[in-house]
Amino acid sequence: GALVYQYPRRTICKSGTSMRMECQAVGFQATSVAWYRQSPQKTFELIALSTVNSAIKYEQNFTQEKFPISHPNLSFSSMTVLNAYLEDRGLYLCGALTGTNERLFFGHGTKLSVL
Amino acid sequence: QQQVRQSPQSLTVWEGGTTVLTCSYEDSTFNYFPWYQQFPGEGPALLISILSVSDKKEDGRFTTFFNKREKKLSLHIIDSQPGDSATYFCAASRNSAGNKLTFGIGTRVLVRP
């Protein structure tokens with residue numbers, strides 16, 4: 001079956017520092033990768049959608065300057081949280097879209113804590 | 001404005017009983033509705049999904065119903081098991097690809113033995 005691995009599972013960073021997280025699709029080619037954030041007490045917020053050979057589309061309230069994303073091939077994507085602060089805490093989820101049945105499969109997420 | 005409303009926020013069911021979760025939505029252009037199951041510390045796993053051209057989809061103990069006229073959908077879990085205890089999210093998108101999902105706030109389900 002389709003597997004999406006995210007690394008690291010958990011991370012703690014000091015306020016004002018940056019943190020990079022990775023997403024790897026295993027067993028399938030991810031035509032698109034969607035990055036979501038699940039904040040405490042909130043549901044999922046879409047940060048950006050990255051499709052191979054297309055520009056990365058950021059949602060309102062999220063910017064490339066704050067959450068730069070790299071999507072170099074059909075199986076890997078990474079996102080960095082720059083200058084992290086308390087409001088950036090949460091579970092960051094990578095959702096990979098398969099080209100065959102067009103379903104979104106999520107990884108375990110990277111839980112970001114900010115001190 | 002919350003585009004996808006989900007209820008209840010939490011629910012306790014006895015083992016063997018039927019769990020019923022409901023969602024409603026506003027945007028009539030939504031046409032794809034997946035349900036995700038999330039255990040603590042894990043990412044959400046796709047459980048079952050339905051397109052707006054259907055009114056029912058069944059997968060084992062899980063059935064999702066869709067009412068286009070009322071803009072409502074529901075998830076039924078029959079013969080609920082303690083292992084079904086998790087948070088369930090409904091979601092919606094405007095295309096079958098589901099790559100821009102709008103999620104509900106989730107329902108925390110506890111199945112007691």
Tell me whether [Y] is reachable from [X] by hopping between hydrophobic residues (I, L, V, M, F, W, Y) whose side-chain heavy atoms are closer than 4.5 Å.
{"X": "A:L97", "Y": "A:F106", "answer": "yes"}
{"X": "B:I48", "Y": "B:F30", "answer": "yes"}
{"X": "A:M79", "Y": "A:F105", "answer": "no"}
{"X": "B:Y88", "Y": "B:F33", "answer": "yes"}

Fill in the blank from the handout: So, the part of A:E59 with a heavy atom under 4.5 Å from chain B: the answer is side chain
With a cut-off of 6.0 Å (strictly less than), are more than 12 heavy atoms of other residues, nucleotides or ligands near [atom1] of [X]?
{"X": "A:Q60", "atom1": "CD", "value": "no"}
{"X": "B:F39", "atom1": "CZ", "value": "yes"}
{"X": "A:K66", "atom1": "NZ", "value": "yes"}

Fill in the blank from the handout: Those residues of residues 9-20 of chain B that come under 4.5 Å of chain A on a heavy-atom basis, listed by number, are none
Handout entry: Region of B:T102 that comes under 4.5 Å of a non-hydrogen atom in chain A
Key = neither
Exercise for the section: Select one option (side chain, backbone, both, neither) describing which atoms of B:F89 are under 4.5 Å from chain A's heavy atoms. Expected result: side chain
Practice task
Only pairs at least two apart or in different chains count here, so list each side chain to side chain donor-acceptor pair (under 3.5 Å) that has a residue in residues 6-18 of chain A.
Solution key: A:R9-B:E42
Fill in the blank from the handout: The side-chain contact (heavy atoms from CB on, under 4.5 Å) partners of B:D55 (sequence neighbours excluded) come to none
Handout entry: Transitive ILVMFWY cluster of A:L115, excluding itself - 4.5 Å side-chain cut-off
Key = A:I12
Problem - Ring centre gap for A:F44 and B:Y36 strictly below 6.0 Å - result: no
Problem - Any B:P44 side-chain heavy atom under 4.5 Å of A:L93 side chain - result: yes
Exercise for the section: Can you measure from NZ (B:K100) to CG (A:L46) and round to the nearest 0.5 angstrom? Expected result: 7.0 Å
Exercise for the section: To the nearest 0.5 Å, tell me how far B:F103 CZ sits from A:E45 CD. Expected result: 12.0 Å
Problem - Check against side-chain contact (heavy atoms from CB on, under 4.5 Å), A:L104 and B:L101 - result: CA-CA 9 Å; A:L104 194 62; B:L101 291 169; 3.6 Å; yes
